[in-house]
Structure formats: C-alpha cells, structure tokens
Amino acid sequence: MFKYSFLNLIRQSFKKHKDWPQAWRKPDPKKSYDVIIIGAGGHGLATAYYLAKEHNIHNIAVLERSWLGSGNTARNTTIIRSNYLLNESSDLYEFSLKLWKKLGSELNYNIMFSPRGLLTLAHSEHDLYQLKRRVYALNLKNIDSDILDIDQIKKLCPILNFSPYLRYPILGASFQKRAGIARHDAVAWGFARACSNYGIDIIENCEVKGLKIINNQINGVETTRGFIETKKVGCVVAGHTSILAEMAGLKLPISSIALQAMVSEPVKPILDPIVMSNAIHVYVSQSAKGELVLGAGVDGYNSYGQRGSAHITEKTINALTELFPTFGRLKMMRQWAGIVDVCPDASPIIGQTPIKGFYINGGWGTGGFKATPGSGWIFAYTIAQDQPHKLNEAFSLERFRSGYLIDEHGAAGVAH
Ligand code: FAD
Ligand code: PYC
C-alpha cells in the first residue's frame with residue numbers, strides 16, 4: 001500500500017507531482033469473463049469490489065459507456081441516511097449506513113464521509129404525525145431518529161426562518177444524527193482503485209448495445225468494443241435500466257425522469273446539519289468546499305435529457321430563500337440534472353430476472369447514493385450465490401406481480 005501512503009505523497013511532491021501511478025488500470029476487454037457488470041457508477045463498482053472481496057470472484061469486467069462515475073454517482077447531492085418507514089427499507093439502508101462508517105478506511109481512500117445530522121422539517125400537524133410515525137417505527141428497530149421541538153431545532157440551525165408568518169411555519173422536525181454526506185467522486189474512485197487492485201478490469205468508453213441470450217441463458221454482451229462472453233451479467237445503469245432490460249426482452253414498471261440539483265458559490269461554514277422540507281420543497285447541505293448543495297423535485301414528465309426544467313430551478317431557489325432568508329444574496333454557480341428510474345412504490349429492484357444469469361440492480365429513484373456500499377454488498381451476494389440475500393429478497397421484480405410493494409414515497413424524501 002506504499003503507493004498510496006502519506007510518505008508517498010511527500011515523495012511525489014519532490015517529483016513535482018509528475019508520474020503519479022495510475023489509480024486504476026485501463027485494460028482492453030478480454031474475450032470472456034466470469035461476471036460482467038454493466039455501469040461503472042458507485043453501485044456497479046461496489047458490486048464488483050464485493051464480488052472479489054467476499055466471494056473470491058476476480059475474473060470480472062465493469063463496462064462503462066462513458067467515463068467512470070459520470071452518471072448519477074457524480075450528479076447527486078450525497079445525502080446518506082437510514083430513516084425509512086418500512087422494515088425492508090430501514091434494514092437495507094441501515095446496513096449500508098454502517099458500511100459507510102468504515103468505508104474510507106476499508107478502501108484506504110478519503111471519501112469525506114461527514115455524519116452531520118439530518119433535520120426533516122414539519123410544517124403542519126399532518127407532517128408532524130407522519131414524521132412521528134417514521135421515528136417510532138425506526139426506534140422500535142433501535143435505529144436512531146428523534147422528534148425535535150422548535151428550541152432544539154434553533155440550536156442546530158439558527159439561520160432557519162422561524163417566523164410564525166411563514167407560508168408554512170416550522171412546527172417541529174425529525175432528526176437523524178448519524179445521517180451525513182460524502183464526496184461522491186471519491187466514492188467511485190475509491191471503489192475503482194480497490195477493484196483494479198483485485199484484478200478487475202474497468203473498461204471505460206465501452207457501451208453495451210445488446211445482450212446475447214440463448215435458451216433463456218445469458219451468453220455475452222455486444223459492446224462498442226466488440227462481443228464479450230459471459231454467463232453472468234449484472235445490470236447497474238441507474239437512469240437507463242429500462243433500456244438495458246429491453247435488450248433482454250423485459251418490460252419494467254419504471255419511469256425515467258430528470259432530477260436536478262444546483263450549487264452556490266462557496267461561503268464560510270454557515271450550515272451544519274442537512275435540512276429538508278417537503279412542504280416548502282427544498283433540501284440543502286453545505287459541502288466541505290463551502291458550497292450550498294440543494295435541490296427539490298423531479299420534472300413533471302419522463303425524459304432522458306440531463307438538464308431539468310427551468311421552473312423547477314426557480315421554485316427550488318424560491319423555497320430556499322423562503323426558508324433561509326440569509327441565502328437571498330448568494331450567487332448560484334452550477335445547475336444540472338441526472339435521470340432517475342422510479343418504481344411505482346419508490347423502492348429499488350435488486351435481484352434475479354426471468355433470464356438466467358441476468359441480474360438487475362436499479363430503480364433507486366432519487367435516493368440510491370446512500371445505499372451504494374450496501375447495494376453492492378447484497379448484489380454481489382445475489383450474483384455469486386444465484387439467490388437473493390435476505391436484505392434484498394423483498395426487492396424482487398416479482399413484487400410487481402404479487403402486489404407486495406414496499407411503498408416508500410414519504411420516506412424516499414423531498415425529491416419525490
Ligand atoms: P450511476 O452512477 O448513474 O451509474 C450507472 C452507469 O451506467 C453510468 O455511469 C452510465 O454511464 C452507465 N451506463 C448506462 N448505460 C450503459 C450502457 N448501455 N453500457 C455501459 N454503461 C452504461 N441519492 C441519495 O441517496 N441521496 C441524495 O442526496 C441523492 N441526490 C440525488 C440528486 C440528483 C440530482 C440525482 C440525479 C440523484 C440523486 N440521488 C441521491 C440518487 C443517486 O444519485 C442514485 O440513486 C445513485 O447514484 C445511482 O448510482 P449508480 O451507480 O446505480 O448509477
Ligand atoms: O434520498 O435523501 C435522499 C435525497 C435527498 C434528495 C435527493 N435524494
């Protein structure tokens with residue numbers, strides 16, 4: 001590990017930071033692999049990493065149509081929390097939250113995980129009732145989450161607008177102390193380097209264009225860099241799950257919609273916790289660089305355009321300044337969108353499909369970043385064992401036929 005050590009940092013500085021070793025190899029695709037993962041976002045890379053680490057499978061390729069981490073991993077606002085309502089979800093997100101805590105040291109990479117707490121504001125009796133319901137459900141499972149009164153909120157975030165004349169005055173909040181944010185690119189880079197060290201081939205600029213299926217069994221993938229043989233394919237393509245599934249002849253109950261975010265100019269530390277308000281409709285955190293990172297809802301129509309509608313931008317900024325009048329003079333620097341695949345119950349699909357050797361991990365909607373390590377862990381298990389892990393049993397495709405949906409529209413957050 002000397003290559004990545006502090007001493008090496010000093011050594012490189014004497015070399016004027018020239019000739020840094022590559023963090024991950026750039027191999028050409030081989031003719032065949034034991035497992036192919038489509039999509040080098042956080043989830044795809046985490047899956048490959050845990051396949052090698054936990055299941056001793058090393059002959060793996062991760063195929064990425066663009067550059068590594070160019071999808072929603074790099075476009076999201078990095079909120080990490082486990083405060084979901086239903087057992088299936090809170091078990092999954094809590095498992096992931098525990099992995100986040102040790103991920104930096106496990107990957108030997110500074111992913112800047114910062115557990116600064118998340119305030120979800122209540123602006124009506126109904127909001128308070130819903131938040132209490134979720135907090136009590138979490139507490140029954142020994143997952144931390146509290147209801148705060150106005151004085152407690154003031155201590156955590158004095159710059160909020162506490163006026164009783166606010167359109168929707170603040171009445172209370174829920175608070176999850178262990179919730180936080182992380183540096184999204186670093187998560188992808190850390191997993192990529194660890195994958196490469198395990199001998200996994202990460203192949204960028206390699207788009208999957210077709211799937212070869214013989215007698216209902218995956219036999220390989222057609223790519224822009226040629227055909228590659230394999231008997232196992234994990235599809236982890238966030239906003240493009242329906243497109244890949246269609247290549248396998250599957251029609252999924254997914255809507256693909258643009259979700260946007262934006263950042264302000266950097267300012268000195270002013271906002272400690274993450275703040276979410278569903279009613280006024282904005283969420284915001286302050287990054288380590290000092291920028292305010294914010295967003296709100298999805299566009300009102302399906303599309304693959306990674307821009308986001310102008311009226312949503314305007315509404316989001318109006319909501320921000322209504323809730324935080326002091327941000328009224330901030331300049332906004334950048335705005336963008338990513339395509340999110342949303343299932344009818346706002347929960348993901350993680351598991352096998354009717355095609356043997358074809359596995360899907362998608363439909364995370366607006367909230368999959370927080371699940372990155374946990375999702376990779378259980379998806380690796382599913383692929384290696386050819387059966388679901390107990391944490392993703394309920395998140396099967398089959399649930400849309402059986403009707404056992406996992407409705408998390410409320411807990412999935414402000415963006416739904
Ligand atoms: P991605 O990072 O998108 O990776 C999929 C990869 O597949 C991409 O790199 C893509 O190029 C590649 N690909 C697609 N098609 C092909 C093909 N045919 N061949 C090869 N490669 C292909 N979640 C949270 O938990 N907290 C948040 O605060 C949060 N905020 C968000 C804010 C925004 C604006 C957006 C858009 C999303 C947000 N999310 C959030 C959701 C989160 O970003 C995603 O759920 C998560 O990052 C998905 O990770 P991934 O690795 O599956 O996808
Ligand atoms: O999942 O917490 C979340 C989230 C907030 C904004 C977008 N996603």
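Whatever order the structure lists ligands and atoms in, that order sets their numbers, starting from 1. The basis for the numbers below is simple: all heavy atoms, side chains too, and nothing from hydrogens, waters or symmetry mates. Residue numbers run from 1 in the order of the sequence given. Keep in mind it's a predicted model, so treat the numbers as computed, not measured.
At the top of the distance list for atom 26 (N) of ligand 1, counting protein heavy atoms only, stands Ile79 O, 3.0 Å. Looking only at heavy atoms of the protein, atom 53 (O) of ligand 1 is closest to Ala238 CB, 3.1 Å. Remark: minimum distance from atom 33 (C) of ligand 1 to any protein heavy atom is reached at Leu259 CD2, 3.4 Å. Scanning the protein heavy atoms around atom 46 (C) of ligand 1, the nearest turns out to be Phe369 N, 3.8 Å. In this structure, atom 7 (O) of ligand 1 lies nearest to the protein heavy atom Gly39 CA, 3.3 Å. Given atom 49 (O) of ligand 1, the protein heavy atom at minimum distance is His43 CD2, 3.3 Å. For atom 13 (N) of ligand 1, the nearest non-hydrogen atom of the protein is Val237 CG1, 3.8 Å. Looking only at protein heavy atoms, the nearest one to atom 22 (C) of ligand 1 is Arg65 CG, 3.7 Å.
Residue contact check: Leu244 has heavy atoms under 4.0 Å from atoms 18 (N) of ligand 1. Less than 4.0 angstrom separates some heavy atom of Gln260 from each of these atoms of ligand 1: 34 (C). Within ligand 1, the atoms closer than 4.0 Å to a non-hydrogen atom of Leu63 are 20 (C), 21 (N), numbered from 1 in the order shown. Those atoms of ligand 1 that come under 4.0 Å of a heavy atom in Cys206, given as number and element, are 20 (C). Those atoms of ligand 1 that come under 4.0 Å of a heavy atom in Gly338, given as number and element, are 36 (C). Within the listing of ligand 1, atoms 24 (C), 25 (O) sit less than 4.0 angstrom from a heavy atom of Lys370. Listed by number with element, the atoms of ligand 1 under 4.0 angstrom from any heavy atom of Trp364 are 45 (O). Against a heavy-atom cut-off of under 4.0 Å, Val236 is close to the following atoms of ligand 1: 5 (C), 7 (O).
Listed here is the closest heavy atom pair of Gly351 and Thr382: CA-CG2, 4.1 Å. Scanning both residues, Glu408 and Ser347, for their nearest heavy atoms gives CG-OG, 3.8 Å. Contact detail for Gly239 and Asn72: the closest heavy-atom pair is N-ND2, 4.4 Å.
The option with the heavy atom closest to atom 41 (C) of ligand 1, from among Val293, Thr366, Thr241, is Thr366. Comparing Asn76, Val298, Val208, Ile274 by heavy-atom distance to atom 43 (O) of ligand 1, the nearest is Asn76.
By the 3.5 Å distance cut-off applied to N or O atoms, Ile339 is not counted among the residues near ligand 1. Remark: ligand 1 and Asn72 share an N or O pair separated by less than 3.5 Å (distance only, no angle test). Here's the thing with Glu64: one of its N/O atoms is less than 3.5 angstrom from an N/O atom of ligand 1. Of the polar atoms of Thr77, at least one N or O is found under 3.5 Å from an N or O of ligand 1, judged by distance alone.
Here the SG-CD1 distance, from Cys195 to Ile60, works out to 7.5 Å after rounding to the nearest 0.5 Å. With values rounded to the nearest 0.5 angstrom, Ser70 atom OG is found 10.5 Å from Asp185 atom CG. Rounded to the nearest 0.5 angstrom, Ser285 OG and Met276 CE are separated by 9.5 Å. Atom CD1 of Ile339 is separated from atom OG of Ser256 by 7.5 Å, given to the nearest 0.5 angstrom.
Within the structure, ligand 1 lacks Gly69 among the residues with a heavy atom less than 4.0 angstrom away. Heavy atoms of Gly42 approach ligand 1 to within less than 4.0 angstrom.
Within the cation-pi definition used here (under 6.0 Å to the ring centroid, within 45° of the axis), Lys212 qualifies as a partner of Phe227. No cation-pi contact links Lys232 to Tyr359, judged by a cut-off of 6.0 Å to the six-membered ring centre and 45° from its axis.
One finds a salt bridge joining Asp386 and Lys356 here, because a Lys/Arg side-chain nitrogen approaches an Asp/Glu carboxylate oxygen to under 4.0 Å. Electrostatic pairing of Glu88 and Arg399 does not count as a salt bridge here, judged by no charged N lying under 4.0 Å from a carboxylate O. In summary, Asp91 and Lys141 engage in a salt bridge, as defined by a charged side-chain N under 4.0 Å from a carboxylate O. Using a 4.0 Å cut-off between charged nitrogen and carboxylate oxygen, Glu229 and Lys31 do not count as a salt-bridge pair. A salt bridge links Glu398 to Arg401: at least one charged side-chain nitrogen sits closer than 4.0 Å to a carboxylate oxygen.
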What does the contact table look like for ligand 2 (nitrogen or oxygen on each side, cut-off under 3.5 Å)?
unit_1	atom_1	unit_2	atom_2	d
ligand 2	1 (O)	Arg81	NH2	3.4
ligand 2	1 (O)	Lys370	NZ	2.4
ligand 2	2 (O)	Arg81	NE	2.7
ligand 2	2 (O)	Arg81	NH2	3.1
ligand 2	8 (N)	Thr366	O	2.7

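Aromatic ring orientation, Tyr84 versus Tyr93: parallel (interplanar angle below 30°, classes split at 30° and 60°).
Taking the ring centroids of His389 and Phe379, they lie at or beyond the 6.0 Å cut-off. Checked against the 6.0 Å centroid threshold, Trp364 and Phe369 do not count as a close aromatic pair.
When the side-chain contact (heavy atoms from CB on, under 4.5 Å) test is applied to Pro115, the partners found at least two apart in sequence or on another chain are Phe113.
The proximity of Thr73 to ligand 1, defined as any non-hydrogen pair under 4.0 Å, involves the side chain as well as the backbone.
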